[in-house]
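Computed from a predicted structure; not experimentally measured. Whatever order the structure lists them in is the order used to number ligands and atoms, beginning at 1.
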Amino acid sequence: MSSDRIPAKLLDHLHHGDCRELLRRLPAESIDLIVTSPPYNVGKAYEVRATLADYLARQTAVLAECRRVLRPTGSLFWQVGTYVDDVRHIPLDLKFFPIIEGLGLLLRNRIVWLRPHGLHATRKFSGRHETILWFVKRGDHKFFLDAVRVPQKYPDKKHWKGARAGQLSCDPLGKNPGDVWAFRNVRHNHEEHTVHPAQFPTDLVERIVMATTEPGDVVLDPYLGVGTVPLVCRRTGRRFVGAEIDADYVAVARQRLAGEPDEQGRFPNLQALREYAERQGLADVAAYSFTRQTGRRATTRRLARIHPEPRQLEAFVRQTEGEAAHPAYRRFRPGRGK
Ligand SMILES: C[S@@+](CC[C@H](N)C(=O)[O-])C[C@H]1O[C@@H](n2cnc3c(N)ncnc32)[C@H](O)[C@@H]1O
């Protein structure tokens, strides 16, 4: 097992420090899956903005180490958004693709992460997606499609002629989720939202973990943030390794993993509070609060439910259909000529 090869004190441990220092301590070919969202160099609270060239040089060094520690059957998922300066708008996957391919890894999918909400631009089209680059070392990488199938659009549809007439024409287990994913990004009204400005949603991480690892496998996140990857690993029976440079985020990650309130009865997010209440069988949660509670009540009811991906996709289709029907979107308006 890959976990046997990793120093015990690094396994299932949130390393507070620079990921380059952690990576150096990991043996070659000891990690089954690397899934991360690195800093984008856009001046978030946790990053010092560098020139694009310096930023990419630093990330290349991290990626070379990631390649070294990845097992031959392993996968790397590198999730990035857009680098912006005064005028330029550079999707970072365009920059990372040649770097990672240059390290000898092979692209399996470029996944578009659709994000229906976000800032409204006034001098360009608003950004509504980010990307996840999935790389492997070889063709015999692990992949477990059945673990991540999603409901078929017409589950009861049958063959109407031929030898299989009357039999289901689609897989009753569900269909391949495809390479456009509609998980809600973690903003203010998402129940997983903590103090971190750029958190992964757990459902997105879970799809990646379930599709590419088995129980007991080791997952690395070199940029842990508030510990979303470890949380998913804990829930799905995987081991984890990872680093985070900011002490406050490490503390939040520890509290998320512990699932307990602090001395003031506070939780890092609504989800942690609700799960605690469910475990303890509490009907009244008035004694507890969560960090991002501004204007919202803590409740055991599913007020701020995280809707599953098919529902997000349906909402997106409804939204685009509504836009298409709106008079402002008609190219040739009746009565106005061409
Ligand atoms: C985009 S966030 C990751 C958020 C994470 N996916 C989550 O769900 O919370 C990137 C994180 O990398 C951390 N970071 C930046 N440079 C680092 C380094 N050299 N080593 C480890 N962590 C670093 C930042 O503090 C930030 O929390």
Side-chain angles (χ1 to χ4, degrees), residues 10 13-26 33-50 54-66 69 76-84 92-93 96 111 113 115 118 127 130-133 181 183-188 190-209 219-236 238 240-257 267-269 271-272 291-292 306:
L10 300 181
H13 173 75
L14 305 169
H15 176 78
H16 174 212
D18 195 309
C19 61
R20 289 168 293 188
E21 190 251 320
L22 171 70
L23 280 160
R24 276 195 290 275
R25 292 161 65 189
L26 295 175
L33 165 66
I34 300 170
V35 51
T36 200
S37 172
Y40 299 172
N41 194 34
V42 288
K44 291 261 186 205
Y46 51 75
E47 57 191 5
V48 180
R49 199 167 166 136
D54 285 350
Y55 162 76
L56 291 171
R58 271 210 299 276
Q59 293 301 318
T60 304
V62 171
L63 279 159
E65 278 293 274
C66 287
V69 301
L76 168 87
F77 285 77
W78 202 256
Q79 191 273 309
V80 283
T82 301
Y83 171 85
V84 270
L92 283 171
D93 59 329
F96 277 111
I111 297 157
W113 176 13
R115 301 149 68 105
E130 296 199 348
T131 50
I132 308 171
L133 298 178
W181 296 0
F183 296 111
R184 260 178 67 202
N185 43 332
V186 182
R187 306 305 297 172
H188 310 293
H190 194 296
E191 74 165 28
E192 292 172 15
H193 192 222
T194 70
V195 290
H196 200 288
Q199 241 176 280
F200 268 152
T202 50
D203 40 15
L204 178 145
V205 176
E206 194 176 300
R207 175 173 290 170
I208 294 170
V209 166
V219 182
L220 163 70
D221 182 350
Y223 299 104
L224 282 174
V226 285
T228 312
V229 170
L231 196 68
V232 171
C233 288
R234 176 74 63 81
R235 289 179 180 167
T236 55
R238 274 66 173 172
F240 64 85
V241 179
E244 170 54 50
I245 210 158
D246 185 304
D248 291 340
Y249 295 153
V250 175
V252 174
R254 290 213 172 103
Q255 210 199 342
R256 281 180 94 190
L257 283 177
F267 289 86
N269 57 19
Q271 185 185 56
T291 316
R292 291 280 167 184
I306 301 175

- Query: Looking at CG of Asp246 and NE2 of His196, how far apart are the two atoms once the value is rounded to the nearest 0.5 Å?
  - Reply: 7.5 Å
- Task: For the pair Phe200 and Trp113, name the ring-plane relationship: parallel under 30°, tilted 30 to 60°, perpendicular over 60°.
- Result: tilted
- ligand 1 to Pro38 polar contact by distance, N or O atoms, under 3.5 Å: no
- Note on the structure: Between the CD1 atom in Ile111 and the CG atom in Asp93, the distance rounded to the nearest 0.5 Å is 11.5 Å
- Pull out every atom of ligand 1 sitting under 4.0 Å from any heavy atom of Val226, numbered as shown with elements. 7 (C), 9 (O)
- What are the atoms of ligand 1, with element, lying closer than 4.0 Å to any heavy atom of His196? 2 (S), 4 (C), 26 (C), 27 (O)
- Can Ala253 be said to touch ligand 1, with heavy atoms closer than 4.0 Å? no
- Query: Going by distance only, is there an N or O of Gln199 that falls short of 3.5 Å from an N or O of ligand 1?
  - Reply: no
- Query: For ligand 1, is there an N or O atom under 3.5 Å from any N or O atom of Thr228?
  - Reply: yes
- Leu224 contact mode with ligand 1 (heavy-atom cut-off under 4.0 Å): backbone
- Query: Parallel, tilted or perpendicular: which fits the ring planes of Tyr55 and Phe96, with parallel below 30° and perpendicular above 60°?
  - Reply: perpendicular
- Task: Specify side chain, backbone, both or neither for Glu244, according to which of its non-hydrogen atoms lie closer than 4.0 Å to ligand 1.
- Result: both
- Task: Write down the atom of Gly225, the atom of Glu244, and the distance for their closest heavy-atom approach.
- Result: N-OE1, 2.7 Å
- Note on the structure: The residue among Thr228, Asn269, Thr194 that forms side-chain hydrogen bond (donor to acceptor under 3.5 Å, both in side chains) with Gln199 is Thr194
- Note on the structure: Contacts of Asp18 meeting salt bridge (Lys or Arg N to Asp or Glu O under 4.0 Å) (sequence neighbours excluded), chain-then-number -> Arg20
- Glu192 side, atom CD; Gln271 side, atom CD - distance, nearest 0.5 Å: 4.5 Å
- For Ser37, counting its heavy atoms only, list the atoms of ligand 1 lying under 4.0 Å from any of them. 1 (C), 2 (S), 3 (C), 10 (C)
- For ligand 1, does Phe200 get within less than 4.0 Å through its side chain, its backbone, both, or neither, judged by non-hydrogen atoms? both
- Note on the structure: For Asp18, the ligand 1 atoms with a heavy-atom partner under 4.0 Å come out as 19 (N), 20 (N)
- Proximal atoms of ligand 1 relative to Gly17 (non-hydrogen, under 4.0 Å): 20 (N), 21 (C)
- Query: Can Val229 be said to touch ligand 1, with heavy atoms closer than 4.0 Å?
  - Reply: no
- Identify, with sequence neighbours excluded, every residue that meets side chain to side chain donor-acceptor pair (under 3.5 Å) alongside Thr236. none
